[in-house]
Amino acid sequence: GRQLLGWWLEARGTRPMPDAGDVSPRALVELLPYIRYLSWEDDEKLVIRIYGSALVEASGLDLTGHDIFGHKHDDVENDRERVRQLHRQPCGLVMLRNIYDGAGNPHPCEFMTLPVAPVAGGKARIIGTVVPMVKMREWNVDVVFDRILALQRAVFFDTGAGIPDPSLGLEV
């Protein structure tokens, strides 16, 4: 997450956020295996465009093309709004979510996410990483995505433009 934030701050320069033209595999070569890069296809659909090879290996699934809001749940609108806020007031978001294995055991992971502006008629995007919160020699968890990744914590962080108003109730 720290390396991605460093790239993001450098890529944006004096702008509120980098734009899609700044997202270059060459600039992100060391981070690419751990990156999630998503685009808003419409107001409801946020689709994974790049799902890094380390994430594919760890989860056992290539989620490229998957709408992250495809599984309906009670808090889906808050989840959408958290991510929408990243572009409304350029900032970062850290969410701690449980990822589950086949036996139903939770494995807490950190999802760090940053906004990426569209270019010339393109779509707003986000870029982020996923990291287990418990240090492991190797990720040997059989991940299943048959349930919602339970949200434990959601916190916005300031990248220079402030953070969304706490009265929105989006931080947990």
Side-chain angles (χ1 to χ4, degrees), residues 1-13 15-56 58-59 61-73 75-97 99 109-132 145 148-149 151-165 168 170-172:
R2 185 176 53 225
Q3 284 181 288
L4 182 62
L5 178 58
W7 165 83
W8 188 89
L9 291 168
E10 184 179 343
R12 78 169 183 182
R15 300 169 293 169
M17 68 186 90
D19 66 38
D22 296 315
V23 179
S24 158
R26 281 191 178 143
L28 293 165
V29 71
E30 290 180 22
L31 295 174
L32 212 49
Y34 309 97
I35 291 209
R36 299 170 298 119
Y37 187 52
L38 303 90
S39 67
W40 283 102
E41 296 305 307
D42 58 37
D43 287 341
E44 303 291 313
K45 238 175 137 169
L46 185 58
V47 175
I48 298 173
R49 295 295 164 212
I50 296 174
Y51 193 66
S53 59
L55 300 177
V56 170
S59 67
L61 299 168
D62 183 353
L63 296 176
T64 304
H66 177 77
D67 172 15
I68 66 165
F69 299 122
H71 293 292
K72 303 297 180 210
H73 58 91
D75 205 35
V76 72
E77 285 309 314
N78 282 333
D79 280 346
R80 267 193 199 98
E81 190 56 31
R82 282 181 190 99
V83 180
R84 286 182 187 129
Q85 287 296 320
L86 298 180
H87 287 89
R88 291 185 184 140
Q89 182 165 5
C91 62
L93 174 64
V94 173
M95 291 183 290
L96 308 179
R97 290 188 175 275
I99 292 177
C109 291
E110 175 188 286
F111 290 70
M112 196 273 289
T113 309
L114 295 157
V116 175
V119 288
K123 299 170 182 163
R125 299 161 190 245
I126 63 169
I127 192 165
T129 57
V130 181
V131 179
F145 290 105
I148 302 307
L149 305 179
L151 180 66
Q152 302 301 312
R153 187 114 166 91
V155 178
F156 293 101
F157 62 93
D158 192 344
T159 59
I163 60 170
D165 188 332
L168 294 172
L170 299 173
E171 292 188 309
V172 177

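Everything quoted here is computed from the prediction, not taken from an experiment.
Here CG of L151 is found 6.5 Å from CG of D79. Values are rounded to the nearest 0.5 Å. Distance check: L96 CG to C109 SG gives 9.5 Å after rounding to the nearest 0.5 Å. With values rounded to the nearest 0.5 angstrom, L170 atom CG is found 9.0 Å from D75 atom CG. Taking CG from L28 and CD from Q3, the interatomic distance works out to 10.5 Å, rounded to the nearest 0.5 Å. With values rounded to the nearest 0.5 angstrom, E171 atom CD is found 5.0 Å from I163 atom CD1. With rounding to the nearest 0.5 angstrom, the CD1 atom of I50 is 14.0 Å from the CG atom of L63.
In terms of the salt bridge (charged side-chain N to carboxylate O under 4.0 Å, His left out) criterion, D67 has no residue partners (sequence neighbours excluded). A search for side-chain contact (heavy atoms from CB on, under 4.5 Å) contacts involving E77 returns E44, R80, R84, not counting sequence neighbours. T64 meets the side chain to side chain donor-acceptor pair (under 3.5 Å) test with D62; sequence neighbours excluded. With sequence neighbours left out, D158 forms a side chain to side chain donor-acceptor pair (under 3.5 Å) with no residue at all. L9 meets the side-chain contact (heavy atoms from CB on, under 4.5 Å) test with L5, R12; sequence neighbours excluded. A search for side chain to side chain donor-acceptor pair (under 3.5 Å) contacts involving E110 returns nothing, not counting sequence neighbours. Listed by chain and number, the residues in a side chain to side chain donor-acceptor pair (under 3.5 Å) with D165 are S167 (sequence neighbours excluded).
The shortest side-chain heavy-atom distance between L168 and Q85 falls under the 4.5 Å cut-off. You'll find the side chain of W40 reaches within 4.5 Å of the side chain of V83, heavy atoms only. The shortest distance between side-chain heavy atoms of R49 and V23 does not fall below 4.5 Å. Between V172 and M95 there is no side-chain heavy-atom pair separated by less than 4.5 Å. Taking the side chain as every heavy atom from C-beta outward, S39 and R125 approach each other to under 4.5 Å.
Closest approach of P90 to M17, counting heavy atoms only: CG-CE, 3.5 Å. C91 and G162 get closest at one heavy-atom pair: CB-O, 3.5 Å. W8 approaches P16 most closely through the heavy-atom pair CH2-O, 3.5 Å.
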Validation: residues 31-38 side-chain donor-acceptor distances under 3.5 Å, sequence neighbours left out:
unit_1	atom_1	unit_2	atom_2	d
R36	NH2	M112	O	3.3
R36	NH2	T113	OG1	2.9

Side chains of residues 114-124: which donor-acceptor pairs under 3.5 Å do they make with residues two or more places apart or in other chains?
unit_1	atom_1	unit_2	atom_2	d
K123	NZ	E41	OE1	2.6

Run the numbers on I99 and F111 for side-chain contact (heavy atoms from CB on, under 4.5 Å), then give the verdict. CA-CA 11 Å; I99 292 177; F111 290 70; 4.0 Å; yes
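Screening residues 18-31 for side-chain hydrogen bond (donor to acceptor under 3.5 Å, both in side chains) gives R15-D19, R15-D22 as the qualifying pairs, with residues at least two apart or on separate chains.
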